[in-house]
Amino acid sequence: MKWYGIALAAAICLNNLAARAQTAAAPQATIEQGLDQLKNRQPEQALATFQQLLQANPNDVATNLYAADAALQLYKDDLAVQYAEKARELDPNNWKVHTTLVVAYSVADRPIQRNAERDLLHKLHADPKAQDAMQSNGFLVDMFPVKQYRVEAIEFFQPLGKFHIYYRFLIRNLQGKRVWTINAESNDFDEKSWEQAHAQQAADGERQFQMVGEGDDTHVDYRMFSGKPVYDGVKAQVLQILNAQVKPFPGETP
């Protein structure tokens with residue numbers, strides 16, 4: 001064998017050895033690692049971990065859901081929808097799949113698909129065979145950024161508590177701490193007087209609602225409105241309130 005043939009064979013051998021050494025040295029991703037990264041507010045690393053796992057096992061329902069969750073934390077709506085829809089393809093009757101899809105469609109600004117998932121979740125809640133759905137009083141319907149805050153919107157299956165809360169918006173700072181809450185509620189006391197003055201609207205199924213803020217023993221009555229509790233309209237009011245906020249919320253003060 002000529003010298004250049006020997007050199008080429010040696011180079012190929014060294015490259016193969018280096019590749020095997022690199023593969024052996026590379027740490028293997030695990031579900032636990034990705035979950036820890038999510039818990040420690042490292043969604044980029046978590047997404048990379050789950051994507052690595054999906055390369056080896058693309059049909060794992062849980063991993064697809066975890067990847068969708070990590071993508072949602074980064075507001076990567078296309079990826080969130082991709083992974084959540086894959087999970088639905090694999091397990092269409094899974095409650096957790098649909099609670100993930102509804103948020104993914106909200107973040108992706110796809111209201112038709114979002115509302116279809118909301119309707120399905122309400123049906124599951126009324127289905128005795130869907131124990132997870134029946135035992136829950138609501139679900140995360142949306143998440144969105146406003147200024148330096150992350151907002152998580154919760155929709156309740158039935159109005160919650162004595163003040164009849166239809167939607168609850170959790171306002172979190174960059175560290176994930178909840179600093180304020182805004183509720184869309186319709187209490188019976190105000191409702192009775194409103195019904196007397198607006199009999200036809202009440203007969204059409206409308207109610208009077210209050211937008212109320214609370215946190216750290218502080219209560220703020222923002223505004224009232226009448227009509228039906230359509231999510232997009234309520235969200236628009238929350239956006240107006242938050243964009244008009246100039247002082248720190250009570251939960252932000254030391």
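Model, not experiment: these values are computed from the prediction.
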Query raised in the report: Closest heavy-atom contact between Tyr231 and Ala153?
Result: OH-CB, 3.5 Å

Query raised in the report: So which heavy atom on Gly251 is nearest to which on Lys177, and how close?
Result: O-NZ, 3.1 Å

Requested in this report: Classify the angle between the aromatic ring planes of His125 and Phe157 as parallel (below 30°), tilted (30 to 60°) or perpendicular (above 60°).
Outcome: parallel

Report summary line: Between the CD1 atom in Ile171 and the CD1 atom in Ile182, the distance rounded to the nearest 0.5 Å is 4.5 Å

**Report entry** Sole candidate of Met143, Glu152, Glu117 that passes side-chain contact (heavy atoms from CB on, under 4.5 Å) when paired with Val103
**Finding:** Met143

Query - Rounded distance [0.5 Å steps], NZ in Lys96 versus CG in Asp91 - result: 11.0 Å

Query raised in the report: Can you tell me if Glu252 and Asn173 form a side-chain donor-acceptor pair at under 3.5 Å?
Result: no

Requested in this report: Step by step, work out the side-chain contact (heavy atoms from CB on, under 4.5 Å) result for Thr181 and Phe169.
Outcome: CA-CA 6 Å; Thr181 300; Phe169 296 82; over 6 Å; no

Query - Donor-acceptor pair, side chain of Thr100 and main chain of Leu65, under 3.5 angstrom - result: no

Query - Min side-chain heavy-atom separation His164-Arg207 under 4.5 Å - result: yes

Query raised in the report: Judged by atom type as modelled, is there a donor-acceptor pair below 3.5 Å linking the side chain of Ser106 to the main-chain atoms of Val141?
Result: yes

Report task. Measure the acute angle between the ring planes of Tyr166 and Phe209, then classify it against the limits of 30° and 60° as parallel, tilted or perpendicular. Result -> perpendicular

Query raised in the report: Under 4.5 Å between any side-chain heavy atoms of Met134 and Asp127, yes or no?
Result: no

Query raised in the report: So does Gln158 have more than 12 non-hydrogen atoms from other groups sitting under 6.0 Å from CD?
Result: no

Requested in this report: Please step through salt bridge (charged side-chain N to carboxylate O under 4.0 Å, His left out) for the pair Glu85 and Arg110, ending with a clear verdict.
Outcome: CA-CA 13 Å; Glu85 287 185 339; Arg110 293 167 61 174; 3.8 Å; yes

Requested in this report: Identify whether the distance between the nearest side-chain nitrogen and carboxylate oxygen of Arg114 and Asp232 falls below 4.0 Å.
Outcome: yes

Query raised in the report: Taking the six-membered ring for Trp, are Phe156 and Tyr167 ring centroids under 6.0 Å apart?
Result: no

Query - side-chain contact (heavy atoms from CB on, under 4.5 Å) between Gln33 and Gln28, intermediate numbers included - result: CA-CA 10 Å; Gln33 176 187 354; Gln28 296 298 313; over 6 Å; no

Query raised in the report: Quick one: does Asn187's side chain get under 4.5 Å of Gln210's, heavy atoms only?
Result: yes

Query raised in the report: Applying the 4.5 Å side-chain criterion to the ILVMFWY set and letting contacts propagate, would Leu239 and Tyr75 be lumped into a single cluster?
Result: yes

Query raised in the report: Looking only at heavy atoms, what is the nearest atom pair of Met211 and Val238, with distance?
Result: CE-CG2, 3.6 Å

Query raised in the report: Under 4.5 Å between any side-chain heavy atoms of Arg172 and Leu170, yes or no?
Result: yes

**Report entry** Phe139 side chain near His122 side chain, heavy-atom distance below 4.5 Å
**Finding:** yes

Query raised in the report: Does one hydrophobic cluster hold both Ile241 and Met224, with members joined at side-chain heavy-atom distances below 4.5 Å?
Result: no

Report task. State plainly whether one hydrophobic cluster holds both Leu90 and Trp95, where clusters connect Ile, Leu, Val, Met, Phe, Trp and Tyr through side-chain heavy atoms under 4.5 angstrom apart. Result -> no

Query raised in the report: Is there a donor-acceptor contact under 3.5 Å from the side chain of Lys86 to the main chain of Pro58?
Result: no

Report task. Report the C-alpha distance between Leu47 and Leu79 in whole Å, list the side-chain angles of each, state the deciding distance to 0.1 Å, and finish with yes or no for side-chain contact (heavy atoms from CB on, under 4.5 Å). Result -> CA-CA 10 Å; Leu47 180 58; Leu79 277 179; 4.0 Å; yes

Query raised in the report: Does the side chain of Arg118 reach to within under 4.5 Å of the side chain of Leu121, using non-hydrogen atoms?
Result: no

Requested in this report: Go through the steps to decide whether Tyr149 and Leu174 satisfy the test side-chain contact (heavy atoms from CB on, under 4.5 Å), and finish with yes or no.
Outcome: CA-CA 6 Å; Tyr149 305 109; Leu174 295 177; over 6 Å; no

Requested in this report: Please check if Phe144 and Val179 belong to a single hydrophobic cluster, counting links between Ile, Leu, Val, Met, Phe, Trp and Tyr side chain heavy atoms closer than 4.5 Å.
Outcome: yes

Report summary line: Rounded to the nearest 0.5 Å, the OG1 atom of Thr30 sits from the CD atom of Glu32 at a distance of 5.0 Å

Query raised in the report: Should we count NZ of Lys147 as having more than 12 external heavy atoms under 6.0 Å?
Result: yes

Report summary line: Here the side chain to side chain donor-acceptor pair (under 3.5 Å) pairs for residues 34-48, sequence neighbours left out, are Gln37-Thr49

Query raised in the report: Transitively linked via ILVMFWY side-chain contacts under 4.5 Å: Val151 with Val102?
Result: yes

Query raised in the report: Got Leu140 and Thr99 here, is their nearest side-chain heavy-atom distance under 4.5 Å?
Result: no

Report task. Mind listing the closest non-hydrogen atom pair of His98 and Asn94 along with its distance? Result -> CD2-O, 3.2 Å

**Report entry** Residues Asp69 and Gln73: side-chain donor-acceptor under 3.5 angstrom
**Finding:** yes

Query - Connected hydrophobic set around Leu38, excluding itself, where side chains approach under 4.5 Å - result: Ile31, Leu35, Phe50, Leu53, Tyr66

Query raised in the report: Salt-bridged, Lys235 to Asp142, with N to O below 4.0 Å?
Result: yes

Query raised in the report: Which heavy-atom pair separates Leu54 from Ala67 by the least distance, and what is that distance?
Result: CD1-CB, 4.0 Å

Requested in this report: Look up atom CZ in Arg88 and atom CG in Asn64, then write down how far apart they are to the nearest 0.5 Å.
Outcome: 12.5 Å

Query - Minimum heavy-atom distance between Pro43 and Leu74, given as atom pair plus value - result: CG-CD2, 3.6 Å

Requested in this report: Output all residues satisfying side-chain contact (heavy atoms from CB on, under 4.5 Å) with Ala80, sequence neighbours left out; order by chain, then residue number.
Outcome: Ala71, Leu72, Ala104

Query raised in the report: Is the closest side-chain heavy-atom distance between Val97 and Val61 below 4.5 Å?
Result: yes

**Report entry** Parallel, tilted or perpendicular, as decided by the 30° and 60° cut-offs, for the rings of Trp180 and Tyr222
**Finding:** perpendicular

